[in-house]
Amino acid sequence: MPELPEVETIARGVDERVRGARILAAWFGSHREPMKTSPRVQEKALTGAQFASVRRVGKHIVCHLTGPAHQPGSLGAESGQSPELQWIVHLGMTGRLLVTDSAAEVVAHTHARLTLEDGREIRFVDARRFGRLELRNLRHQQAFQGPGTEPLTIAPEAFHALFHGRKTSIKAALLNQNLLHGVGNIYADESLFRVGIRPQTRAHRLTRAQLERLRVALQEVLTQAIQLGGSSVSDYVDANGVKGFFQLEHRVYGREGQSCRVCGAAIRRVQLAGRSTHFCPACQR
DNA sequence: ACAGGCTCCTGCAGGC
DNA sequence: TGCCTGCAGGAGCCTG
């Protein structure tokens, strides 16, 4: 399940590989589910477009592109400026954004293929179709900002303000993308363990000092996970098909019944905010 | 405005 | 062996 570190790893990998590349042809499947923008609109806009950069915003991969050069004699080309495009990819649960040779086998659940001039392809593959593909034309639409605040750089005061007065559990609040974007189930559980806070604790009951420790721990966990290429649980791989290693550092996530690496107590799993939630009953009070 | 629950979707694991 | 059931979860939607 791709969260911030996995999406960051993929975005960096794709950026390295496709920066400057021009799209020769674009193909989009007809399934409704992953498409926030219609397949035909995405195909038309992306054909001939050129990658300027690829970045992460929350759990989204945002590809910045310059549009195709204007055809001779076309009207409305103000000062010859090409339209700026954003192709926004959300991986959902099982989505993959891969850079492959165009001769590589097209696997099941491939929803988009962008053929580059040099014979490579960018492919979006998503079995469960919880992912989303969106195209924005910045001449007519606002640039994508993401729903919430970036957790890696948020300041203490802003972090505190996000949770102030919230009666929901701190776990649910961490998962709320309208507050912080990019945090998912794994890194919420892992950061709460590192500061000894029970996931069920109501957010507004946390002291300023606790919230500050949580902010620091969250940033440390996310940063370390990025350095290790993310967590490979289920079928996560980066843009090159390579697995990450942060799953080896997990202290609670996916460790139900196993002994806590700090105190030896059995790690527990409960349902919270509709999600599996892992914690140590002794270390987290 | 906010909180919580349901739903989408497929692959896989576990049970009989 | 093979079928069935339940579970995984990001986020949009609906309800209270």
Side-chain angles (χ1 to χ4, degrees), chain A residues 1-11 29-37 39 56-62 88-97 106-112 123-134 144-151 161-192 199-206 218 222 225 230-237 243-244 246-247 250 252-257 267-279:
Chain A
M1 52 216 75
E3 303 180 28
L4 186 152
E6 293 78 31
V7 177
E8 178 71 30
T9 303
I10 293 165
S30 52
H31 275 292
R32 274 184 76 89
E33 274 305 328
M35 309 297 176
K36 283 186 83 168
T37 305
R56 175 192 61 80
V57 177
K59 294 178 190 170
H60 299 258
I61 299 165
V62 182
I88 302 151
V89 179
H90 191 293
L91 300 172
M93 279 290 295
T94 52
R96 298 185 185 196
L97 192 65
V106 178
V107 299
H109 310 296
T110 299
H111 302 291
R123 294 181 185 171
F124 176 72
V125 181
D126 183 13
R128 216 166 291 179
R129 280 188 259 145
F130 280 12
R132 292 292 179 266
L133 298 176
E134 177 183 2
F144 182 77
Q145 301 289 331
T149 307
E150 168 62 33
L162 285 182
F163 301 106
H164 182 74
R166 298 221 165 244
K167 296 192 176 82
T168 190
S169 67
I170 185 62
K171 167 73 181 267
L174 284 171
L175 294 180
N176 185 345
Q177 301 297 297
N178 294 310
L179 302 178
L180 292 172
H181 60 207
V183 182
N185 211 30
I186 296 173
Y187 299 101
D189 283 5
E190 291 297 319
S191 56
L192 287 170
Q200 298 90 334
T201 310
R202 304 280 142 185
H204 74 287
R205 301 286 297 273
L206 294 173
L218 180 61
L222 293 172
S231 299
S232 285
V233 297
S234 76
D235 54 359
Y236 163 75
V237 289
K243 289 176 181 287
F246 191 74
Q247 69 278 7
H250 291 178
V252 286
Y253 185 85
R255 299 193 66 241
E256 181 188 13
I267 299 299
R268 285 180 54 193
R269 180 172 70 94
V270 295
Q271 283 291 117
L272 185 61
R275 297 289 167 264
S276 273
T277 297
H278 312 73
F279 66 98

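Residue numbers begin at 1 in each chain, while the letters A, B, ... track the order of the sequences. Atoms considered below: every heavy atom in the structure, side chains included; atoms not considered: hydrogens, waters and symmetry mates.
- Nucleotides of DNA chain C lying under 4.0 Å from heavy atoms of chain A occupy a range whose first and last members, 5' to 3', are C/dA8 to C/dA11.
- Partners of A/His111 according to the ring pair (Phe, Tyr, Trp, His ring centres under 6.0 Å) rule, which considers only residues two or more places apart in sequence or in another chain, are A/His31.
- With sequence neighbours excluded, no residue forms a ring pair (Phe, Tyr, Trp, His ring centres under 6.0 Å) with A/Phe279.
- Judged as a salt bridge (charged side-chain N to carboxylate O under 4.0 Å, His left out), and not counting sequence neighbours, the contacts of A/Glu8 are A/Arg12, A/Arg56.
- A/Arg166 comes within 4.0 angstrom of the backbone, heavy atoms only, and of no base.
- In this structure A/Tyr187 satisfies the side-chain hydrogen bond (donor to acceptor under 3.5 Å, both in side chains) test together with A/Glu6, A/Ser231, sequence neighbours excluded.
- Atom NE2 in A/His90 sits about 15 Å away from atom C1' in B/dC9, given to the nearest Å.
- Using a cut-off of 4.0 Å between Lys/Arg side-chain N and Asp/Glu carboxylate O, A/Lys171 and A/Asp189 are scored as salt-bridged.
- Nearest-nucleotide mapping onto DNA chain B: of A/Ala172 and A/Arg275, the residue sitting toward the 5' end is A/Ala172.
- If you check every strand for non-hydrogen atoms under 4.0 Å, A/Tyr253 touches sugar and phosphate atoms only.
- Using a 4.0 Å heavy-atom distance criterion, A/Arg202 is classed as a sugar-phosphate-only contact.
- Every residue two or more places apart in sequence or in another chain was checked for a side-chain hydrogen bond (donor to acceptor under 3.5 Å, both in side chains) with A/His60, and none qualifies.
- At its two ends the helix from B/dC2-C/dG16 to B/dC16-C/dG2 runs along axes set 50° apart, each axis drawn from five pairs and the angle rounded to 10°.
- A/Ala127 is linked by a side chain to side chain contact (heavy atoms under 4.5 Å, CB included) to A/Thr94, A/His109, counting only residues two or more places apart in sequence or in another chain.
- Computed from coordinates, the A/Lys167 NZ to B/dA3 C1' distance equals 10 Å when rounded to whole Å.
- Contacts of residues 175-186 of chain A with DNA chain C (heavy atom under 4.0 Å): A/Gln177, A/Asn185.
- Salt bridge present: A/Arg132 and A/Glu33 bring a charged side-chain N and a carboxylate O closer than 4.0 Å.
- Not counting sequence neighbours, A/Phe124 has no partner by the ring pair (Phe, Tyr, Trp, His ring centres under 6.0 Å) test.
- Evaluation of the side chain to side chain contact (heavy atoms under 4.5 Å, CB included) rule for A/Thr37 yields A/Val41, A/Gln42, A/Glu134, A/Leu135 as partners, not counting sequence neighbours.
- In this entry the distance linking CZ of A/Arg129 with P of B/dT7 reads 18 Å, nearest Å.
- Not counting sequence neighbours, the partners of A/Arg202 by the side chain to side chain contact (heavy atoms under 4.5 Å, CB included) test are A/His204, A/Arg205.
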